[in-house]
Amino acid sequence: MAKVVPTRSEVLFLFRSLLRTARQFSDYNIREYTKRRTIDGFRQNRTLSDPDSIASAFSLGKAQLEIAKRQAVVYSLYAPKVKSIMDLKPCNSI
């Protein structure tokens, strides 16, 4: 039984959703990793031609989107109060 092949607009929507979710991470390293991983994954799967492998890659991408959304919520709940050392106010007690 063949899986349903996603349309181009569905694939682009998934790509944009993954990038949008990556922007929700407050930590720079995690945000950039998620963005880089998304772009690399889509580049790697660009050459797929078999309908089953396309559908499989698309369903894997949707699962990764759900994981990224959950992780963004968890990271936002436990984010440090100071995001960067640059956010610290100078101490004038010398």
Side-chain angles (χ1 to χ4, degrees):
M1 181 175 159
K3 297 180 182 178
V4 177
V5 179
T7 63
R8 177 178 168 82
S9 62
E10 289 175 325
V11 172
L12 289 174
F13 181 76
L14 176 63
F15 180 72
R16 288 187 200 112
S17 297
L18 282 161
L19 290 178
R20 224 176 284 122
T21 303
R23 286 195 306 244
Q24 294 176 359
F25 288 102
S26 60
D27 187 300
Y28 173 80
N29 291 325
I30 296 170
R31 183 173 54 244
E32 290 301 311
Y33 171 78
T34 306
K35 189 168 78 172
R36 186 175 60 247
R37 180 85 168 91
T38 298
I39 293 168
D40 290 346
F42 275 80
R43 279 188 185 143
Q44 178 183 356
N45 292 328
R46 179 185 291 177
T47 58
L48 294 178
S49 59
D50 178 40
D52 286 335
S53 61
I54 293 171
S56 174
F58 184 74
S59 63
L60 178 64
K62 286 184 2 183
Q64 292 295 321
L65 175 62
E66 294 305 315
I67 291 170
K69 284 181 178 181
R70 283 194 305 269
Q71 285 302 112
V73 170
V74 170
Y75 275 85
S76 70
L77 292 174
Y78 299 104
K81 298 201 186 305
V82 178
K83 294 181 183 175
S84 169
I85 191 141
M86 299 306 289
D87 294 337
L88 294 175
K89 295 186 181 191
C91 184
N92 294 334
S93 61
I94 296 180

Can you measure from [atom1] ([X]) to [atom2] ([Y]) and round to the nearest 0.5 angstrom?
X	Y	atom1	atom2	result
Gln64	Ser17	CD	OG	14.0 Å
Phe42	Leu12	CZ	CG	8.0 Å
Thr21	Arg70	OG1	CZ	12.0 Å

Would you find more than 12 non-hydrogen atoms of other residues, nucleotides or ligands less than 6.0 Å from Arg37 atom CZ? no
Listed by chain and number, what are the side-chain contact (heavy atoms from CB on, under 4.5 Å) partners of Asp50, not counting sequence neighbours? Asp52, Ser53
Give the minimum heavy-atom separation between [X] and [Y], together with the two atoms involved.
X	Y	result
Ala57	Asn45	CB-ND2, 3.9 Å
Phe25	Arg31	O-NH1, 2.8 Å
Pro6	Ala55	CD-CA, 4.2 Å
Leu65	Leu14	CD2-CD1, 4.0 Å
Gln44	Thr47	O-OG1, 4.0 Å
Lys35	Leu19	CG-CD2, 3.6 Å

Using the rule given for side-chain contact (heavy atoms from CB on, under 4.5 Å), can you reason through Phe13 versus Glu10, listing the C-alpha separation, both sets of side-chain angles and the distance that settles it, and then say yes or no? CA-CA 5 Å; Phe13 181 76; Glu10 289 175 325; 5.6 Å; no
With the 4.5 Å side-chain cut-off for hydrophobic clustering, are Phe15 and Val11 part of the same group? yes
Could you tell me which residues satisfy salt bridge (charged side-chain N to carboxylate O under 4.0 Å, His left out) with Lys69, sequence neighbours excluded, listed by chain and number? none
